[in-house]
*Asks:* 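Can you keep this structure in mind? I'll have questions shortly.
Not measured: the values here are computed from a predicted model.
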Amino acid sequence: MASQAAKSLNYDVIVIGAGIEGSSSAYSLAKSGQKVLLIEQFPLPHGRGSSHGHSRITRYAYEDDFYVRMMVDAFPLWAELQKEAGVEFFVPCGVLDIRAAGSASEQRVVSALRTHNIPHEVLNSSELKARFPAVTTTDGYGAVWDPSGGLLRADKCLAAYQTVFKQLGGVIREAEPVTSLTPGDLVSVVTSRSVYRAHKVVIATGPWTDRFASALNVNLPLRPIRISVLYWKADPERLKEHGAKYLPCILDSRDTREGHFHVYGLPIDEYPGLVKVALHDGPDINPDHRDATDSAWIDHVVAKYVSELLPFLDSKQPALREHCIYTNTPDKHPFIDRHPQYPNVVICAGFSGHGFKLAPAVGKAVTELISGKTPSYNMAPFRLDRFSPKSNL
Ligand SMILES: Cc1cc2nc3c(=O)[nH]c(=O)nc-3n(C[C@H](O)[C@H](O)[C@H](O)COP(=O)(O)OP(=O)(O)OC[C@H]3O[C@@H](n4cnc5c(N)ncnc54)[C@H](O)[C@@H]3O)c2cc1C
């Protein structure tokens, strides 16, 4: 009996963290035939990490062609997951990537899209105004129109991964924080309730990753910040006039007298009459005390943006405010790599506010790393040692 119980606690792979990256990794590993355990500290679903909420933007438009390459896989893999789970979570509304017209960054986006033959259009400010009258443009600003992009219904995506993972024979333990792990040929993972063993482990613990990385002597510059997710009420008359004429997802990166800022917006899909417009920045936080910080300044910055560029919205104050966490790295690229001393441990964290859409490709990359296969993607930008001398990871 005792040996049977011990055996039942052994897995090929244990994935720690059931956010979108851990869940997509667990799903992909299970699909590749591995016996997988996914462990989550909170009861599922929960709203305390980075993967909750109704919506995320998905797109091909990136400045770096290695992300475009990942999205070439991610789009069909999301579609496959929709079929497997029998749920529709992709809303194809297109994405407007607004930037200074002709800027080096705009050219990088265009070049990355061309490298992978992704359909797109470059709009100058008058073309932008004509095509999307709901969005007020300012002189010198244009956009790259990414018609294949759109909105992912995030909660449904996460649930779909977890449901199909279980159908594939995967096991989820929720409300069970991992308290420590001991590396070795067989990794021991200790939780609040049990001890599990596996040949391989994936650490996908989002803003909580630092504690595992430090315990494994890896120094990762991860910076959890709190994001205020703001919803603004659309004026019904002006919505009829403008917004009804189709509002896509928007990314807007611009320099103002107050400095550089990056705002994103999503069309009405969640709360009737409310448009989500938020700042891609926020205060540093401890993820265990996410709401203990004041960030009223963000409301003011976004209200100013809304009043100037999305005038069909009531900019007096947000109608609704929710919170979420980004785990930023200095170059805004995640860490997806094997541990230098323990190659059977993969760390996958630091998605810097843009990792949701990438999740299917991340799951694929993690599966390849775990299985010792040649990765399908350029993994150099995601190396653990890119900020530290190798001897001093
Ligand atoms: C407001 C907001 C808007 C965003 N918009 C976009 C967008 O439009 N497009 C896009 O592509 N991306 C977007 N992102 C980013 C994207 O959502 C994140 O990059 C992604 O969700 C990160 O997922 P994760 O799995 O790394 O982290 P998380 O979702 O935080 O998952 C980590 C999980 O690990 C668990 N965990 C931690 N410690 C332990 C432990 N000791 N034991 C067990 N479990 C543990 C946590 O509880 C958590 O569930 C947005 C993020 C936010 C916050």
Side-chain angles (χ1 to χ4, degrees), residues 15 17-29 31 49-53 55-82 89-91 95 97 108-109 112-113 115-116 118 146 148-158 160-162 165 202-207 209 222 227 249 251 262 264 266 280 324-329 331-337 346-370 375-384 386:
V15 179
I20 198 68
E21 313 303 348
S23 299
S24 65
S25 298
Y27 156 96
S28 170
L29 285 159
K31 249 192 164 176
S50 304
S51 302
H52 59 281
S55 55
R56 296 290 188 279
I57 297 173
T58 185
R59 59 189 151 103
Y60 285 102
Y62 259 105
E63 286 184 45
D64 301 293
D65 86 280
F66 48 85
Y67 287 126
V68 183
R69 169 66 191 90
M70 292 171 85
M71 290 312 300
V72 166
D73 283 357
F75 270 94
L77 287 171
W78 280 123
E80 192 176 313
L81 179 65
Q82 287 195 126
F89 49 64
F90 174 57
V91 181
V95 175
D97 184 348
R108 282 195 291 275
V109 174
L113 292 171
T115 301
H116 295 283
I118 306 299
D146 179 355
S148 321
L151 179 158
L152 287 167
R153 293 186 174 134
D155 287 338
K156 290 196 163 81
C157 297
L158 189 62
Y161 267 135
Q162 293 167 3
F165 169 66
V202 179
I203 299 171
T205 42
T209 300
L222 293 169
I227 298 298
C249 292
L251 299 167
H262 188 162
Y264 59 92
L266 292 92
H280 199 49
C324 188
I325 303 176
Y326 286 180
T327 308
N328 282 356
T329 64
D331 58 7
K332 305 287 169 20
H333 302 319
F335 294 106
I336 313 171
D337 198 0
V346 166
I347 297 181
C348 172
F351 285 85
S352 304
H354 65 102
F356 203 96
K357 71 182 86 54
L358 297 167
V362 171
K364 180 174 169 181
V366 165
T367 302
E368 289 168 342
L369 285 173
I370 281 281
S376 302
Y377 312 117
N378 172 9
M379 301 302 285
F382 311 138
R383 286 180 64 103
L384 292 177
R386 66 186 189 273

*Asks:* Please check if the side chain of S28 supplies one atom and the backbone of S24 the other of a donor-acceptor pair under 3.5 Å.
*Replies:* no
*Asks:* I want to check something: taking the side chain as every heavy atom from C-beta on, are Y264 and C249 in contact at a cut-off of under 4.5 Å?
*Replies:* no
*Asks:* Where is the tightest heavy-atom contact between G49 and C324, given as atom of each residue plus distance?
*Replies:* O-SG, 3.8 Å
*Asks:* Not counting sequence neighbours, which residues clear salt bridge (Lys or Arg N to Asp or Glu O under 4.0 Å) with R69? List them please.
*Replies:* D73
*Asks:* Could you tell me which non-hydrogen atom of S51 sits nearest to which non-hydrogen atom of A154, and how far apart they are?
*Replies:* O-CB, 4.2 Å
*Asks:* Do any N or O atoms from the side chain of D146 and from the backbone of V95 form a donor-acceptor pair under 3.5 angstrom?
*Replies:* no
*Asks:* For E368, what residues pass the salt bridge (Lys or Arg N to Asp or Glu O under 4.0 Å) criterion, not counting sequence neighbours?
*Replies:* none
*Asks:* Can you list everything that forms a side-chain contact (heavy atoms from CB on, under 4.5 Å) with H333? Sequence neighbours excluded, please.
*Replies:* D64, F66, Y67, D331, P381, F382, R386
*Asks:* Tell me, do Y161 and P360 make a side-chain contact under 4.5 Å, heavy atoms counted?
*Replies:* yes
*Asks:* Could you tell me whether K332 and E63 have a side-chain N and a carboxylate O separated by less than 4.0 Å?
*Replies:* no
*Asks:* Using 0.5 Å steps for rounding, measure from the CD1 atom of I347 to the CG atom of L369.
*Replies:* 11.5 Å
*Asks:* Side chains of L151 and R56: does their closest heavy-atom pair fall under 4.5 Å?
*Replies:* no
*Asks:* Could you walk me through whether V15 and V366 pass the side-chain contact (heavy atoms from CB on, under 4.5 Å) test, one step at a time?
*Replies:* CA-CA 10 Å; V15 179; V366 165; over 6 Å; no
*Asks:* Taking it one step at a time, do F351 and I20 satisfy side-chain contact (heavy atoms from CB on, under 4.5 Å)?
*Replies:* CA-CA 11 Å; F351 285 85; I20 198 68; over 6 Å; no
*Asks:* Pair K364, S376 - check side-chain contact (heavy atoms from CB on, under 4.5 Å), show working.
*Replies:* CA-CA 8 Å; K364 180 174 169 181; S376 302; 3.3 Å; yes
*Asks:* To the nearest 0.5 Å, how far apart are CG in L358 and CD in E21?
*Replies:* 7.0 Å
*Asks:* For F89, enumerate each residue passing the ring-ring contact (aromatic ring centres under 6.0 Å, His included) test, keeping only those at least two apart in sequence or located in another chain.
*Replies:* W78
*Asks:* Looking only at heavy atoms, which two atoms of N328 and S352 are closest? And how far apart?
*Replies:* OD1-CA, 3.1 Å
*Asks:* When you compare the side chain of T58 with that of F75, does any pair of heavy atoms fall below 4.5 Å?
*Replies:* yes
*Asks:* So, taking the atom named NZ in K357 and the one named CD1 in I57, what distance separates them when rounded to the nearest 0.5 Å?
*Replies:* 7.5 Å
*Asks:* To the closest 0.5 Å, what do you measure between OH (Y60) and NE2 (H116)?
*Replies:* 11.0 Å
*Asks:* Applying side-chain hydrogen bond (donor to acceptor under 3.5 Å, both in side chains), can you list everything that pairs with Y326, at least two apart in sequence or on another chain?
*Replies:* H280
*Asks:* Taking C-beta and beyond as the side chain, do M70 and V362 meet within less than 4.5 Å on heavy atoms?
*Replies:* yes
*Asks:* Which heavy atom in T367 sits nearest to a heavy atom in L29, and how many Å separate them?
*Replies:* OG1-N, 3.5 Å
*Asks:* Q82 side chain to F90 main-chain N or O, any donor-acceptor pair under 3.5 Å?
*Replies:* yes
*Asks:* I want to check something: taking the side chain as every heavy atom from C-beta on, are L222 and T329 in contact at a cut-off of under 4.5 Å?
*Replies:* yes
*Asks:* Mind checking the CG-OG spacing from L266 to S55? Nearest 0.5 Å is all I need.
*Replies:* 4.5 Å
*Asks:* Roughly how far, to the nearest 0.5 Å, is the CZ atom of F165 from the NZ atom of K31?
*Replies:* 13.5 Å
*Asks:* Output all residues satisfying side-chain hydrogen bond (donor to acceptor under 3.5 Å, both in side chains) with T205, sequence neighbours left out; order by chain, then residue number.
*Replies:* T209
*Asks:* Which is it for I336 and Y377 under the side-chain contact (heavy atoms from CB on, under 4.5 Å) test, yes or no, and what are the steps along the way?
*Replies:* CA-CA 11 Å; I336 313 171; Y377 312 117; over 6 Å; no
*Asks:* Minimum heavy-atom separation for P207 to S50, with atom names?
*Replies:* CD-OG, 4.0 Å
